[in-house]
Amino acid sequence: MRGRPNLYVSYESEQSLLPTWTQRIALIAFLFLLFLIPLQGGIEIGAHVYRPLSFLGDNAWLKILSQVAIFGIGALGLNILTGLAGQVSLGHAFFMGIGAYTAAVLGGEVGKAQIGLGLPIWIWLPAAGVVAALVGMLVAPTAVRVRGLYLAIVTLGLVFVGEHIFRNAISITGGSQGVRKFPVLDVRIWKEEQPLLSFTSDGPMWAPVNWLDWLLGPWINFPDEISEEAKTYFILFLLLILFVVLAKNLQRTRIGRAFMALRDRDVAAEVMGVPDAKTKFEAFAVSSFYAGVSGALLVAFVGLATPEQFNLALSVQFVVIVLIGGAGTVSGTLMGSAFVFVFPRLVQDFSVWLTHAVESGGAIASLADVVVSTSANDPGLVSTLDGVSPGLNVSQLNLVIYGLLIIGFLIFEPLGLYGIWLRIKNYWKGWPFTY
Amino acid sequence: MTALLLAQAAADSVVDRFVAAVTNGLSLGAIYALLALGFVIIFKATRVISFAHGAIAALGAYLVSYFATVLNFPGNALGGPIWLQWTVSALFAVLATAVVGLVIERVAIRPMIGEPIFSIAMVTIGLDIVIRTITNDFISTNPRPLGDPFGTSLWEAGPISMAYTEVAAIVVTVVLVLGIAWFFRTRIGIAMRATAFDQEAAMAQGISVGRIFAIAWAIGAGLAAVAGIFSSVFPRASQGVDQQSAFFAFRAFPAIILGGLDSIPGAVVGGFAIGLAESFAAKYLTWSGFGIGFSGIVPYLVMMIVLLVRPYGLFGTEEIRRV
């Protein structure tokens, strides 16, 4: 049925993840782009050296993109719980904390007063998810009893209780100073000295063979060594892709459809034979698993965590990612995660640029001066001098914009970025006809 | 003789400890009750649960500090004794906060009518972030004293020893609760109850639902500001309103949930119950295994336990659903 993308001749083809060739090619192109981003050394094809997206290959940018992947995984979990199963939870940070500290105990080294087993990644990463899922199962019965906004506030209470426990379980978490060893992102078979794959040091991707060169060397000349940030980026994006596929597939299974039935009308779902308690149980378990993995990756990535980090603001951040992206959609959730982390950086760059514009006195200096406040007596919205001038500093400006975006999206585009994407798609589908 | 004296001292300390727990709990509960009252009025009228309440309370406290200590407006224009000037300025700040509530309702809540409840709750989270950040920018790094006339002076009667601000908190709360109870018997109050019951039916009766929403938000914001004052003075905060003040209101969530989201008496009972629970936990649950700052999470624990037994709180309207 070439050329008729909306015609499905079988149930299988309708349910397939990528029904059309356009989508398949677009996805492959996009993945290739993601793959190219960290190779800031450039790719030599023939006589030319191509530096695709060289600005994104910057190590600071790679860190932002790695965060996008980590929080993307966590947000996918919340998307399953809130977007698919319709259970509003503000407790995601708590499950993330559980995962983080499980990973710390299993994967981290022994500290001064902290437990640490120093096990390899293939134990601590799944275990972080499993332990978080078990805790999620303990919480799930509450959702059967308590509904809607009441559930949101109970899970909010969970975050505060969790923070208290994390703060006081010093032998596990290291307390408020965060003095404990967290796991490192490298692959070992057991506790041997030399890791099989290390994502935390500069050098070739895999010690014995530079596998990129080995694989594509005849056609493309890859850099012999890549940076630590680039390696972390690669492994995190591979994990993200894995979890995206899992989430996408979950949507198509019986369990996924049960989640959606429960979300759309819980009474009707029960009438159709979707068990209320069991489905919520599954939703919490899956969602917490994602949160746990995300938490474990976060502490391994940052290498530092305090109990106060797993607070309400973190939970809210996840809800915001899901809502800005578009609740109930996997691609929307990923867009939301990218947006929430990339946007602050753009705002920061823009404010710095504005300040420079004022100082250098170019064509837009007078315009920029209205917005930027550069001294104590200079009124303005933004200031790059912290605490001196009346304007908001960059982080405050980012927070305000973040808040305004939440409000703006909910008022004007409830479907989120996914909704905007849909509208763009539909516009071009009918182009040049506007109806 | 010594034994008798010791027993006497022990008895005294037992009584003192208990009385201190009760008085502290009541004054803390009064603040929670004020916050919960604001939440509940907004929820009842508009079906919105406002996460921005803490930020509004902090904004109110900041405005009090600004009007009463920096500008001394409009108190000094009026003259009279210092405490009267301060009170007038503080009331003016509370009114200003109520106006902020009106603006919030008009700008962010009105366009959301008919959207899912959780979306509107998320809008208030966005509002919370915006208001809190801007307020904190104004507050800046050092806490801002509110300059209240009571200061740190204590009121002592027998075993009772309370700060005057605590007595004031309880008195003001009682007065405001009675005021709200009276308000619900006025014309606008009845209209608000009708709106809470059924928005469309209220509209059909000629009630301007939009105006009711605005009034509810104004009252809610005003109550939040009053609570903000009492949570930013001695003994709750020694220095005044600071960057952390906005988070205080989260501790009132257990109070509203305990009482039931849509019950005014529930808010008051819940507020005092949570205040007492927290205060008693601070005095009596001192076993080190609970960890430092355990009393701070007692409200949440109480809330969770109560909700498991009564899913719609103590006084909330039960939603009947059957399969």
- Query: Side chain, backbone, both or neither: which part of B:Val306 has an atom under 4.5 Å from a heavy atom of chain A?
  - Reply: neither

- Task: Starting at OG1 of A:Thr142, measure out to CG of B:Leu308 and round the result to the nearest 0.5 Å.
- Result: 5.5 Å

- Message: Once rounded to the nearest 0.5 Å, what's the spacing between atom CG of B:Leu307 and atom CZ of A:Arg147?
- Response: 13.0 Å

- Query: If you tally heavy-atom pairs under 4.5 Å against chain B, which of A:Ile153, A:Val146, A:Leu399 wins?
  - Reply: A:Ile153

- Residue A:Phe350 excluded, over 12 heavy atoms near CZ under 6.0 Å: no

- Under 4.5 Å from any heavy atom of chain A - which part of B:Phe294: both

- Spacing of CG belonging to A:Asn311 relative to CZ belonging to B:Phe247, to within rounding of 0.5 Å: 8.0 Å

- Please examine the side chains of B:Phe118 and A:Val319, heavy atoms only from C-beta on, and report whether any two atoms are closer than 4.5 Å. yes

- Message: Taking side chain as everything from C-beta outward and backbone as N, CA, C, O, which of these in B:Ile120 sits under 4.5 Å from a heavy atom of chain A? Side chain, backbone, both or neither.
- Response: neither

- Does any heavy atom of chain A fall under 4.5 Å from the side chain of B:Met304, the backbone, both, or neither of them? side chain

- Is the side chain of A:Tyr150 donor-acceptor paired with the backbone N or O of B:Leu261 at a distance under 3.5 Å, no angle test? yes

- Go through the atoms of B:Phe138 and report whether side chain, backbone, both or neither lie under 4.5 Å from a heavy atom of chain A. neither

- Query: Of all of A:Phe409, A:Tyr402, A:Phe160, which one pairs up most often with chain B through heavy atoms under 4.5 Å apart?
  - Reply: A:Phe160

- Is any side-chain heavy atom of A:Val400 closer than 4.5 Å to a side-chain heavy atom of B:Ile129? no

- Message: Using heavy-atom distances under 4.5 Å, tell me whether B:Ser119 contacts chain A through its side chain, its backbone, both, or neither.
- Response: both

- What part of B:Ala108 gets closer than 4.5 Å to chain A, counting heavy atoms only: side chain, backbone, both or neither? both

- So what's closer than 4.5 Å to chain B heavy atoms on A:Pro141: side chain, backbone, both or neither? neither

- Task: Taking the side chain as every heavy atom from C-beta outward, state whether A:Asn393 and B:Asp137 have any atom pair closer than 4.5 Å.
- Result: no

- Item | Under 3.5 Å: donor-acceptor pair, side chain of A:Arg145, backbone of B:Val309 | yes

- Message: Given 3.5 Å as the limit, does a donor-acceptor pair link the side chain of A:Asn168 with the main chain of B:Ile292, or not?
- Response: yes

- Is a donor on one side and an acceptor on the other found under 3.5 Å between the side chain of A:His164 and the backbone of B:Gly296? no

- Bottom line for A:Leu323: the part with an atom under 4.5 Å from chain B's heavy atoms is side chain

- Value for CD1 (A:Ile165) from CD1 (B:Ile297), rounded to nearest 0.5 Å, stands at 6.5 Å

